Amino acid sequence: MGRGKIAIEKIDDSTRRQVTFSKRRNGLLKKAKELAILCDAEVGVMIFSSTGKLSDFASSNMNTIMERYNKDKVGHQMINPMNEVKYWRREAAMLQQQLQNLQVNHRQMMGEQLSGLGIKDLERLENRLEMSLQDVRLKKDQCLMEEREELRRKRSFLHQENSELHRKVNIFLQENMDLRKKSSSTEKFHMRAEDPSPSHGASRTTTLLIEDPAAGDDPQHSPIQLQLSQPDHQRNCDEPEIAITLGLQLH
């Protein structure tokens with residue numbers, strides 16, 4: 001046997017009314033969830049009871065759904081030019097109010113216009129300032145640490161460059177010393193090749209052997225040996241040369 005129809009009207013009995021509200025609310029939220037899952041729809045449901053208690057369901061984010069709903073509703077209302085003018089006036093008034101609130105908050109953060117604030121408002125403002133000051137200090141410490149690390153990296157890089165330059169300078173100095181040694185050795189070699197005469201104060205002796213061809217193999221006639229000593233060149237460099245003629249007669 002089927003259940004009979006229920007008249008759609010306000011239920012006077014408060015107990016029955018609360019029970020019916022609880023059952024139908026759960027059913028409505030269940031159907032909304034099923035609709036969102038089965039049909040991939042974006043669903044948002046808000047229910048306020050007679051006592052002011054809120055019950056809601058949103059397939060994604062309720063704020064996003066409400067913003068989309070308001071935009072779509074405004075789009076439909078802006079078909080009428082009068083509605084469009086009213087909409088933009090409301091938007092301008094809302095933005096003006098937000099600007100005034102921001103200006104007041106800024107003045108209060110700077111310590112101005114505090115006469116109308118109570119103890120709790122001042123405590124909240126003090127907490128906000130302390131939190132802001134803490135964030136500023138953390139940011140400052142972070143910047144100082146980053147600059148410190150950057151300076152440390154630059155110092156290490158400059159130290160490496162300095163070491164490399166010192167190494168190159170030492171190489172150049174060593175090469176310069178080697179070149180000087182080679183140049184000095186070459187100059188000494190050329191000086192010796194250009195001056196074949198003996199050293200200062202030394203004399204040179206030449207031995208001449210003169211044989212008598214008429215002697216034959218006679219052992220009594222041995223070769224005549226003559227030793228000629230060259231005079232000191234430095235001592236006799238300014239004296240004229242004297243030709244000496246020796247005559248030898250062999251019998």
Side-chain angles (χ1 to χ4, degrees), residues 9-37 41-151:
E9 58 183 10
K10 181 180 178 181
I11 301 175
D12 295 331
D13 188 2
S14 60
T15 303
R16 271 187 65 210
R17 185 169 63 244
Q18 185 62 31
V19 172
T20 302
F21 172 78
S22 179
K23 290 181 178 179
R24 291 184 177 265
R25 178 197 59 191
N26 294 336
L28 179 60
L29 297 177
K30 182 179 178 182
K31 291 296 181 181
K33 183 177 180 180
E34 293 175 353
L35 180 63
I37 295 174
E42 193 171 5
V43 181
V45 178
M46 290 187 297
I47 304 172
F48 290 95
S49 66
S50 58
T51 58
K53 184 179 179 180
L54 172 65
S55 300
D56 61 348
F57 167 79
S59 58
S60 57
N61 189 327
M62 182 61 75
N63 293 329
T64 304
I65 294 174
M66 291 298 298
E67 289 178 0
R68 183 176 178 182
Y69 169 76
N70 291 328
K71 289 180 180 179
D72 188 76
K73 183 178 179 181
V74 169
H76 288 293
Q77 292 178 353
M78 285 173 56
I79 298 175
N80 189 350
M82 294 300 297
N83 293 332
E84 184 177 359
V85 172
K86 291 180 181 180
Y87 168 76
W88 288 116
R89 285 179 178 175
R90 286 196 302 270
E91 287 291 325
M94 184 174 63
L95 293 175
Q96 186 68 25
Q97 185 64 35
Q98 291 179 359
L99 179 60
Q100 291 178 359
N101 294 335
L102 291 174
Q103 290 176 350
V104 171
N105 291 331
H106 180 265
R107 293 191 185 97
Q108 290 177 354
M109 294 287 289
M110 297 299 294
E112 302 175 358
Q113 295 183 356
L114 303 178
S115 58
L117 298 179
I119 299 297
K120 293 183 178 179
D121 295 333
L122 292 173
E123 288 178 354
R124 283 195 296 267
L125 180 59
E126 184 180 6
N127 293 332
R128 289 172 57 190
L129 290 172
E130 288 179 354
M131 292 177 63
S132 300
L133 183 59
Q134 184 178 2
D135 294 337
V136 171
R137 286 175 177 171
L138 290 175
K139 183 63 178 178
K140 184 189 73 174
D141 293 339
Q142 183 180 358
C143 293
L144 290 175
M145 290 296 294
E146 291 176 356
E147 290 182 358
R148 196 177 191 183
E149 290 296 327
E150 184 66 21
L151 291 175

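Please read these numbers as outputs of a predicted model, since none were measured by experiment. Below, all heavy atoms of this structure are taken into account, side chains as well, without hydrogens, waters or symmetry copies.
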Next on the checklist: Quick check: closest heavy atoms across S59 and A41, and the distance to 0.1 Å?
Outcome noted: OG-O, 3.7 Å
Qualifying residues under side chain to side chain contact (heavy atoms under 4.5 Å, CB included), relative to [X], sequence neighbours excluded:
X	answer
R16	I11, D13
L29	R25, V45, I47, F57
M131	none
E147	L144

Separation of [Y] [atom2] from [X] [atom1] (nearest 0.5 Å):
X	Y	atom1	atom2	result
H106	Q103	NE2	CD	9.5 Å
K86	R90	NZ	CZ	8.0 Å
R17	S49	CZ	OG	10.5 Å
D56	L54	CG	CG	4.5 Å
L129	M109	CG	CE	4.5 Å
L35	K31	CG	NZ	10.0 Å

Checklist entry - What's the verdict on side chain to side chain contact (heavy atoms under 4.5 Å, CB included) for R107 and M110, showing C-alpha distance, side-chain angles and the deciding distance? => result CA-CA 5 Å; R107 293 191 185 97; M110 297 299 294; 5.7 Å; no
Item to check | Pair listing, side-chain hydrogen bond (donor to acceptor under 3.5 Å, both in side chains) test, anchored in residues 122-141, at least two apart | outcome: D121-R124
Would you mind writing out the side-chain donor-acceptor pairs for residues 61-68 within the sub-3.5 Å range, not counting sequence neighbours?
unit_1 : atom_1 : unit_2 : atom_2 : d
N61    : OD1    : N63    : N      : 2.9
R68    : NH1    : E42    : OE1    : 2.5

Checklist entry - side chain to side chain donor-acceptor pair (under 3.5 Å) with T20: which residues, sequence neighbours excluded? => result none
Checklist entry - Among all residues two or more places apart in sequence or in another chain, which pass the side chain to side chain donor-acceptor pair (under 3.5 Å) test with S50? => result none
Checklist entry - Is there side-chain contact between Q142 and E146, with at least one heavy-atom pair below 4.5 Å? => result yes
